[in-house]
Amino acid sequence: GESVGLHLPTLSVQEGDNSIINCAYSNSASDYFIWYKQESGKGPQFIIDIRSNMDKRQGQRVTVLLNKTVKHLSLQIAATQPGDSAVYFCAEKGGNTPLVFGKGTRLSVIA
Amino acid sequence: GAGVSQSPSNKVTEKGKDVELRCDPISGHTALYWYRQSLGQGLEFLIYFQGNSAPDKSGLPSDRFSAERTGGSVSTLTIQRTQQEDSAVYLCASSRDHTGELFFGEGSRLTVL
């Protein structure tokens, strides 16, 4: 498939290392946050979400951290694998507003 | 169906022609969303439906863009008199209600020559 973005920030990590992808969100009223993974030629795929009453949530190999004070969200991927190579988007939502997506970060895993 | 289905997956059209893009959401999902993704860009919100009504059309770029949803299920995004800047991947998503996770389709890639 074609690239979803040619000029995205890129994070390159060695296979087996941990990855940290960061996101600054804009709306202090946002109370729901999601990380999506998008592989080339495919639609975004849900990874993990977190609500504003939490500051950390763990899934399988992934952890999301939320710092509401500085409006910062991060996604940590443990033991990064080649299959993790993709573009990662954070998204925020508050009240009845639609989900607003960030610009995305390309993760490249070096085998 | 098991997931969100979009058609066509690829559409090439000439400038000035009208196009229709279709989205079949996950059965039982009341909320349906259209986003646009241009090369090198993130996802741009276009419109969302709750049932058959569209509470938020704020993202539609111009009056050439319209969307409808019938029977609380299938939605059609129509672009009239297409322009080259309309070239993008149009993504549809659905959710159980307007509060949670969105499930995306694979997108319809539109190329306007």
Side-chain angles (χ1 to χ4, degrees), chain A residues 1-10 21-27 29-54 57 59 62 64 73 86-107, chain B residues 2-7 9-10 12 21 23-26 29-50 53-60 67 87-111:
Chain A
E2 296 184 36
S3 299
V4 299
L6 299 179
H7 305 293
L8 297 171
T10 299
I21 302 171
N22 295 303
C23 176
Y25 64 92
S26 55
N27 187 354
S30 293
D31 57 8
Y32 180 55
F33 305 88
I34 309 180
W35 280 100
Y36 280 91
K37 171 186 180 183
Q38 188 174 28
E39 296 174 285
S40 187
K42 296 188 176 181
Q45 178 186 9
F46 173 90
I47 302 174
I48 191 167
D49 61 0
I50 188 168
R51 298 202 179 265
S52 58
N53 60 349
M54 302 174 70
R57 189 158 188 236
V62 294
V64 55
L73 196 66
V87 176
Y88 289 81
F89 293 95
C90 65
E92 60 179 301
K93 187 179 188 309
N96 278 326
T97 62
L99 202 60
V100 175
F101 284 78
K103 293 293 186 188
T105 298
R106 183 183 305 282
L107 176 65
Chain B
V4 177
S5 178
Q6 292 187 246
S7 62
S9 54
N10 275 286
V12 180
L21 307 176
C23 173
D24 207 333
I26 293 172
H29 280 193
T30 61
L32 184 148
Y33 306 80
W34 284 99
Y35 285 82
R36 177 169 73 173
Q37 188 172 35
S38 303
L39 202 61
Q41 304 293 321
L43 278 74
E44 174 191 4
F45 169 78
L46 299 179
I47 187 171
Y48 105 88
F49 290 89
Q50 184 64 45
S53 64
D56 191 343
K57 305 180 183 179
S58 62
L60 294 177
S87 296
V89 176
Y90 289 81
L91 289 158
C92 177
S94 70
S95 67
R96 208 175 305 276
D97 54 37
H98 188 45
T99 62
E101 172 192 351
L102 271 61
F103 295 83
F104 281 87
E106 299 286 82
S108 292
R109 179 175 298 280
L110 175 65
T111 303

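Atoms considered below: every heavy atom in the structure, side chains included; atoms not considered: hydrogens, waters and symmetry mates. Just so we're on the same page: letters track the sequence lines, and every chain starts at 1.
- A donor-acceptor contact closer than 3.5 angstrom links the side chains of A/S26 and A/E92.
- Cation-pi geometry between B/R36 and B/Y90 is not met at under 6.0 angstrom from the ring centre and within 45 degrees of the axis.
- Contact of A/K103 with chain B is made through backbone and side chain together, with heavy-atom distances under 4.5 Å.
- Taking A/G95, A/G102, A/G104, A/P98 one by one and counting their heavy-atom pairs under 4.5 Å with chain B, the maximum is reached by A/P98.
- With B/S95 contributing its side chain and B/D97 its backbone, the two residues share a donor-acceptor pair below 3.5 Å.
- Side chains of B/Q50 and B/T30: a donor-acceptor N/O pair is present below 3.5 angstrom, by distance only.
- Contact of A/I34 with chain B is made through the side chain alone, with heavy-atom distances under 4.5 Å.
- In this structure, A/N96 places its CG atom where only 12 or fewer heavy-atom neighbours from other residues, nucleotides or ligands lie under 6.0 Å away.
- Your options are B/F45, B/F103, B/Y33, and the one with the most heavy-atom pairs under 4.5 Å with chain A is B/F45.
- Proximity to chain A involves both the backbone and the side chain of B/L102, based on heavy atoms less than 4.5 angstrom apart.
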